[in-house]
A.B. asks: 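Take a look at the following structure, please.
Source: prediction; values computed, not measured. Keep in mind that the numbers below use all heavy atoms, side chains included, and drop hydrogens, waters and symmetry copies.
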Amino acid sequence: KFWNFVEASENIKTADDYSSYQEMLKVACQTLSPLQQNLLKFSLSLRSYSAAVQAFQQIAADESPPEGCTLFFVVHGEKTCEFDSLGNLLQAASDRPKPFLFKGDHKYPAANPESPVVILYAEIGSEEFYRQHRRLVAKAEAGEITYVLRHYIANPSKEKVYLSGYGVELAIKSTEYKAKDDTQVKDVNATVIDENDPIDEVQGFLFGKLRQLYPDLSEELKELRKHLVESTNEMAPLKVWQLQDLSFQTAARILTAPPVDALMVMKDLSQNFPTKTDLFIPLISRVMEGLHSLGIEGVSLHNVLKLNIQPSDSDYAVDIRSPAISWINNLEVDSRYNSWPSSVQELLRPTFPGVIRQIRKNFHNFVLIVDPTHETTAELLNVAEMFFSNHIPLRIGLVFVVNDSEDVDGLQDPGVALLRTYNYVAQEMDNNYAFQTIYNKVKTGDQLKVEHVVSVLEKQYPYVEINSVLGIDSAYDQNRKAARAYYEQTGVGPLPVVLFNGMPFQKDQLDPDDLETVTMHKILETTNVVEYIMNQPNVVPRINSRILRSDREYLDLTGMNNHFVDDFARFTTLESKDKTAAVANSMTYLTKKDDSFVRPVTFWIVGDFDKPSGRQLLYDAIKHQKSSNNIRISMINNPSEEPNSQNTIVAKAIWAALQTQTSNNAKNFITKMAKEETVKALEAGADILEFAVGGMDTNIFKEAFQSPKVDFILSHAIYCRDVLKLKKGQRAVISNGRIIGPLEDGEMFNQDDFHLLENIILKTSGQKIKSQIQQMRWIAVACNAFQVFIHVFGTLKLYFLLFSAVKLRPKEGETYFDVVAIVDPVTRDAQRLAPLLLVLNQLINMNLRVFMNCQSKLSDMPLKSFYRYVLEPEISFTAENNFAPGPIAKFLDMPQSPLFTLNLNTPESWMVESVRTPYDLDNIFLEEVESVVAAEYELEYLLLEGHCYDITTGQPPRGLQFTLGTSSSPVIVDTIVMANLGYFQLKANPGAWTLRLRKGRSEDIYRIYSHDGTDSPPEANEVIVVLNNFKSKIIKVKVQKKFDMMNEDLLSDGTNENESGFWESLKWGFTGGQKNEDVKQDKDDVLNIFSVASGHLYERFLRIMMLSVLKHTKTPLKFWFLKNYLSPTFKEFIPYMAKKYNFQYELVQYKWPRWLHQQTEKQRIIWGYKILFLDVLFPLAVDKILFVDADQIVRTDLKELRDFNLDGAPYGYTPFCDSRREMDGYRFWKSGYWASHLAGRKYHISALYVVDLKKFRKIAAGDRLRGQYQGLSQDPNSLSNLDQDLPNNMIHQVPIKSLPQEWLWCETWCDDSSKKRAKTIDLCNNPMTKEPKLQAAMRIVPEWQDYDQEIKLLQILLHTVGENCSSGTGALQRTSLGRLY
């Protein structure tokens, strides 16, 4: 396909970008399916192949192209620009080795493998290329050459390529301590969004488009836009009770949107969450208003809202204390278990893991409920017999479910035959003998037949008359009816059923092998005796899967009105929730007693009470009520046919009784009405008053009964149809708002089902709400407990339970992908997933389901950031048919008051940096910004990662160094191998690279044994790695010590490695002052200082700290800065400052390894870099490094600190001062965990420390710190001050040398008298005063303002002179990541 495209694209001649793009697509898509065409467009939008194009460019550059050539040929290492010269080069080609061909190379298919290789470097699409291409094709087809094409542009454009496929986060920062610079930012070269940009959208209004359509209304549109922005983008803090269900409320918003809009709603809510919470307040307000209207106020209201009313996930069990179960054994009385101990104390005796304790207690009960004629029964009984014969401590019971018709005997039905034979043998011998005997004639998988049973009887009991056991007059029918009744009463589902302590196994667990395994696991887990188990709340007489199902449907009872069902005309006009409110308003309830007792469970019985099925459902509910004082009952009539005076007698009688009689009298009367004999008497002409109960007011009842008005029945019928979605006459039960139904015709829902339903409600919500009501002594409105429940539970969970997933259906008749996503809508994952699914939906035909995995009981704002994911399905163009400037992340109409910090979320292998912005991206305060905050980032490097192991020891070779380079520049970057997973990383760019052991001790001691994931054959001498895409590249390298170096140690003191040019990867073009290559100084003469900073204020502090060091230190200085978070402003200024003050510097960077627990807050990431990577950030040539916080002022020569004797410790820190007594309450290390852990040692501050890197690496301190961090950081509550807590936590494994107190003075912790001895002053945050750091600096340090003024004068001079300070040369071509607004 590639070569077809190359040749077909020769005729593409177009005038503009759009036409060219379309023509190229037309050619490329000739052999592609519609799906492949979409994916191609998406790949082009992502610039997926830009890395491959750049890789060939780098490979060509490594060949040193001949000057003045637009294309050139390479024949086995020899180059020429002229085709006519190829002949001479080909003649001598066999004397030279063939070139290495990469996996991504394009080799012309017609090739003679023995022929010489000709590589053409040329620009595909140029006229010169096609002329030479045809010549080479002719030679290749003639078998003269192997033709390889590599795309190459002699004079590439300087224009950067804009990428997508990354995320941008605008996180809200804490303003507890003010860390904002007061320097005014000049808005230079900031790109402002065009005011006519159609993306200028606020609340769905495209103001750019509106301004184009209505230019005469520009002022009015401006005012409208301003109003919409101000009314929607500010954030109000939420109370804790408002936070609890934000995840569910967000899901509700998403799930109730039209399916086509649901993903867009999810994207909008998750990516702009901090300003969207006000959308949920009306929902919360409705709950509060509803509760308030019920009389719940103040503290009581908040207590009710805080209730945890999540449905219980506990498994339900059925009661196995039934005579219908025939027990095969009894561990407590059978003689075969006499040797087992009977004391429960045996449970406490330690045993080896997996050992089953044999105790003479019926702890474990295994009941088989089977149809003897089913083909699986023999297998299940074999498993049970295995348990029995192997003395497993398991009581085994059998329930044979057979035909219980008296007309069927054992000579006709094999099931009846087996049951009677079992009973006969059990009487003659015992149950376990019968158990082992009766089924031994049936092979596994076969079905039981009468002759199998007869043969067992004839063989075991030849003297017995078969007819007397199996025949019609058999006396061995015990448990025949009882077993079937038990099976039906428990409702455990289709046979066979296996119960373990009453809990049914799942159907997929009934395979014999699985059943054995699962049962043994249960035995190991379970320790409760049977009576205790059977009295647990989850043990019920019957299990009903309809009640226990997880996809529960609830009524929306959030409506509030004063309507009733006896006004049918008005009722028909109401919305669904208002219809429900009217039904609830009209309800009168049956209770066990006429009292004000709080009943937390409400049943609405729905059915046609003039039909037997409806009356039976009502009768079973009332029967259950006799045994429970927790429930109240009311009725909704669902007539089977159009209501008239003849077919609504019972319904009208029930309604009249409810409206006119006391609850107890109404209950007794309605109980009579639900009986079939009563209805038959009424149909025969009996007067309704014949069934009146004592105490009834018959006159008022009769008047209500004989009323011709049947509005209530008509309203109920409409309600059943429109809201409950029931057909005429269908039955249902509504329990505290949960709809159970429609019940099928003939489906049993009896007294035990009501018991189970009540049990579930009481466990989840009923008892908790009841308790709150009783605490409030809220007797006057106790009857409204149901409304309380529905307001608390129904509203907040309603929509989530009604609609469990966003569903987008595929186009019919086409192949589609089935995509399932599960996400919590208020997480970072949702911020990324929503835009990804939106783009995917445009690219492929898919059946999409997005399930909401909500989190309950939130106590903090789940998302504290705005987010944009830069991803487009296709390249976009301008109105002039030119390529659009590129995909960008836009944050429009952001709130003005918060302080923001900007973070990028890029693929793992990308290393990016901010290259253009005058703004402080760490402290964005929009109230002080006049126009637009714009920032541009560049993709600086692609990361090559790897893992290295010594094949002899199987361990990583700590301190081993690798280099990465090309044939012309063998060493461009280098790195050190960690002990953690043998991990190493190297910065690179697209191209072909050679990986080598670094010359010196690494190469002297080791050799590369093998490699995996590279681009050269395993046996090749050189390890070639090609980076030609934006995906992560991870390789594995195995090394081996050379035979004569087996006892050598890489990290020994005897290193004599040539360190010149070492660690070039950390200073490509970023080294200031005198270069190591020019002046080779004794490393002891250079003082190495490491520091980190993020944000303009801390960079300001950093420059002042450097100046204070320079003023007091005579030794030559080299500063090392963590490059990852430095602003473009700082990187532009530092070379000028280095030249002015004559110091060296390097900008080091290290990508946080993917396997190390990631931090999400920028401040914590920076803290991590201070401590976690000290062994790999700096070259081995650096023996000692001093870390000095950016906000410190140095008042002494730091050479003294470098030369300080650490007494064998790898690093030295200053302890926290104890002298300022008023701060004792803030010294957390004096009590609790820290006091116990430190055991008398001091807690040290991380603002200043000295590291002996030789010792640090020797004892693997970095690997130990990372290992401890990995364990502790999983707990969000640990390592609050990561850079400080981690070394103090590891003080027993990695000792700390305590520096003298004068090395760090901090006003927060040290008293004023000790300040005069201070060698450094640190501007610690003060938790008592919260004083802004800038203000503290000017007050505490007199010389600070002088230093600040000196730096400012230097900055003014720099801008005035306009000096172009370059930080170096040699950087590879970089790719622009994108722009942010």
A.B. asks: State, with a plain yes or no, whether a side-chain heavy atom of T994 is found less than 4.5 Å away from one of I1024.
C.D. replies: yes
A.B. asks: At what distance, to the nearest 0.5 angstrom, does CG of D920 lie from OG of S1094?
C.D. replies: 7.5 Å
A.B. asks: Assess the residue pair V1025 and L944 against the criterion (side chain to side chain contact (heavy atoms under 4.5 Å, CB included)); give the C-alpha distance rounded to whole Å, side-chain angles, the decisive distance to 0.1 Å, and a yes or no.
C.D. replies: CA-CA 9 Å; V1025 181; L944 171 64; 3.7 Å; yes
A.B. asks: Contact between L1110 and L1117 at the side-chain level, heavy atoms closer than 4.5 Å - yes or no?
C.D. replies: yes
A.B. asks: Test your reading of the model: is there a side-chain donor-acceptor pair from H76 to the backbone of P99, 3.5 Å cut-off?
C.D. replies: no
A.B. asks: I'd like to check M978 versus F984 (side-chain heavy atoms, cut-off strictly below 4.5 Å). Are they in contact?
C.D. replies: no
A.B. asks: Do you know which two heavy atoms are closest between P957 and V977, and how far apart they sit?
C.D. replies: O-CB, 3.9 Å
A.B. asks: Contact between I153 and Q57 at the side-chain level, heavy atoms closer than 4.5 Å - yes or no?
C.D. replies: yes
A.B. asks: Run the salt-bridge test on R1001 and E1048 with the 4.0 Å N-O cut-off and return the result as yes or no.
C.D. replies: yes
A.B. asks: Answer yes when R998 and D974 have at least one side-chain N-carboxylate O distance shorter than 4.0 Å, and no when they do not.
C.D. replies: yes
A.B. asks: I need the N980 CG to L1156 CG distance, nearest 0.5 Å.
C.D. replies: 7.5 Å
A.B. asks: Does the pair E908/K1151 count as a salt bridge with the N-to-O cut at 4.0 Å?
C.D. replies: no
A.B. asks: Please check if the distance between the ring centroids of Y152 and F72 is under 6.0 Å.
C.D. replies: yes
A.B. asks: Minimum heavy-atom separation for D1283 to I1171, with atom names?
C.D. replies: CA-CG2, 4.2 Å
A.B. asks: About how many Å separate CD of Q1159 and OG of S1273, when rounded to the nearest 0.5 Å?
C.D. replies: 6.0 Å
A.B. asks: With a 4.5 Å cut-off on side-chain heavy atoms, are I1185 and L1177 touching?
C.D. replies: no
A.B. asks: Between H947 (side chain only) and L981 (backbone N and O only), is there a donor and an acceptor less than 3.5 Å apart?
C.D. replies: yes
A.B. asks: Would you say W993 and T966 make side-chain contact, with heavy atoms under 4.5 Å?
C.D. replies: yes
A.B. asks: Answer yes when K1036 and D1012 have at least one side-chain N-carboxylate O distance shorter than 4.0 Å, and no when they do not.
C.D. replies: no
A.B. asks: Just to verify, what does D1263 make a salt bridge (charged side-chain N to carboxylate O under 4.0 Å, His left out) with, not counting sequence neighbours?
C.D. replies: R1266
A.B. asks: Under 3.5 Å, is there a donor-acceptor pair between the Y166 and N905 side chains?
C.D. replies: no
A.B. asks: Given side chain to side chain donor-acceptor pair (under 3.5 Å), test Q1149 with Y1125 step by step and report yes or no.
C.D. replies: CA-CA 9 Å; Q1149 59 190 140; Y1125 297 100; over 6 Å; no
A.B. asks: Does the plane of the ring in W1152 sit parallel, tilted or perpendicular to the ring in Y1169? Use 30° and 60° as the thresholds.
C.D. replies: perpendicular
A.B. asks: Within this structure, what is the CZ-CD1 distance for the pair F1173 and I976, rounded to the nearest 0.5 Å?
C.D. replies: 14.0 Å
A.B. asks: So, are D1189 and K1170 salt-bridged, with charged N and O less than 4.0 Å apart?
C.D. replies: yes
A.B. asks: Would a line drawn from the ring center of W1155 to the ring center of Y983 be shorter than 6.0 Å?
C.D. replies: yes
A.B. asks: Quick one: do E1146 and K1118 make a salt bridge, cutoff under 4.0 Å?
C.D. replies: yes
A.B. asks: Under the side chain to side chain contact (heavy atoms under 4.5 Å, CB included) criterion, do V1039 and I951 qualify, and how do the steps go?
C.D. replies: CA-CA 6 Å; V1039 296; I951 64 163; over 6 Å; no
A.B. asks: What I want to find out is whether K1042 reaches D1004 closely enough, with some N-O distance under 4.0 Å, to be called a salt bridge.
C.D. replies: no
A.B. asks: Compare every heavy atom of L921 with every heavy atom of Y937, then report the nearest pair and how far apart it is.
C.D. replies: OH-CD1, 3.3 Å
A.B. asks: Give a yes or no on whether the ring-centroid distance for F1121 and F1090 is below 6.0 angstrom.
C.D. replies: no
A.B. asks: Give, for atom OH of Y949 and atom NZ of K1038, the distance between the pair rounded to the nearest 0.5 Å.
C.D. replies: 10.0 Å
A.B. asks: Would you find a donor on one side and an acceptor on the other, under 3.5 Å apart, between the side chain of S1091 and the backbone of V1188?
C.D. replies: yes
A.B. asks: Using 30° and 60° as the class limits, which term best fits the ring planes of Y1136 and F1133: parallel, tilted or perpendicular?
C.D. replies: tilted
A.B. asks: Taking salt bridge (charged side-chain N to carboxylate O under 4.0 Å, His left out) as the cut-off, I'd like each qualifying pair that reaches into residues 943-964, sequence neighbours left out, listed once.
C.D. replies: E945-R1154
A.B. asks: Test your reading of the model: is there a side-chain donor-acceptor pair from K1131 to the backbone of S914, 3.5 Å cut-off?
C.D. replies: yes
A.B. asks: Do you know which two heavy atoms are closest between H1157 and Q1270, and how far apart they sit?
C.D. replies: N-OE1, 2.8 Å
A.B. asks: Using atom types as modelled and distance alone, determine if a side-chain donor or acceptor of K1162 lies under 3.5 Å from a backbone N or O of N903.
C.D. replies: no
A.B. asks: Taking all non-hydrogen atoms of both residues into account, name the closest pair between D1049 and K1258 and its distance.
C.D. replies: OD2-NZ, 3.0 Å
A.B. asks: Could you tell me the separation between the CD1 atom of I1134 and the CZ atom of R1103, rounded to the nearest 0.5 Å?
C.D. replies: 8.0 Å
A.B. asks: Answer yes or no: is there a donor N or O on one side and an acceptor on the other, between the side chain of T1113 and the main chain of T1115, under 3.5 Å?
C.D. replies: no
A.B. asks: Has K1184 got a side-chain atom pairing as donor or acceptor with R1202's backbone, closer than 3.5 angstrom?
C.D. replies: yes
A.B. asks: Looking at D105 and K107, would you say the former's side chain and the latter's main chain have a donor-acceptor pair under 3.5 Å?
C.D. replies: no
A.B. asks: Decide if atom CG of D1044 counts as having more than 12 heavy atoms of other residues, nucleotides or ligands within a radius under 6.0 Å.
C.D. replies: yes
A.B. asks: So E78 and V74, do their side chains get closer than 4.5 Å, heavy atoms only?
C.D. replies: no
A.B. asks: Take S1032 and L943 through the test side chain to side chain contact (heavy atoms under 4.5 Å, CB included) and record every step on the way to the result.
C.D. replies: CA-CA 7 Å; S1032 298; L943 206 61; over 6 Å; no
A.B. asks: Are Y1249 and Y1211, when compared by the centres of their aromatic rings, separated by less than 6.0 Å?
C.D. replies: no
A.B. asks: Answer yes or no: is there a donor N or O on one side and an acceptor on the other, between the side chain of R1257 and the main chain of G1262, under 3.5 Å?
C.D. replies: no
A.B. asks: Are more than 12 heavy atoms, taken from residues, nucleotides or ligands other than K79, located less than 6.0 Å from that residue's NZ atom?
C.D. replies: yes
A.B. asks: Tell me whether the count of non-hydrogen atoms from other residues, nucleotides or ligands lying under 6.0 Å of CD in E1161 goes above 12.
C.D. replies: no
A.B. asks: Of all heavy-atom pairs between S1016 and V1023, which one has the smallest distance, and what is that distance?
C.D. replies: OG-CA, 3.6 Å
A.B. asks: Could you give me the CA-CA distance, side-chain angles and deciding distance for Q961 and L997, then say whether side chain to side chain contact (heavy atoms under 4.5 Å, CB included) is met?
C.D. replies: CA-CA 6 Å; Q961 299 172 68; L997 291 172; over 6 Å; no
A.B. asks: Quick one: does any side-chain atom of S909 pair with a main-chain N or O of F1030 as donor and acceptor, under 3.5 Å?
C.D. replies: yes
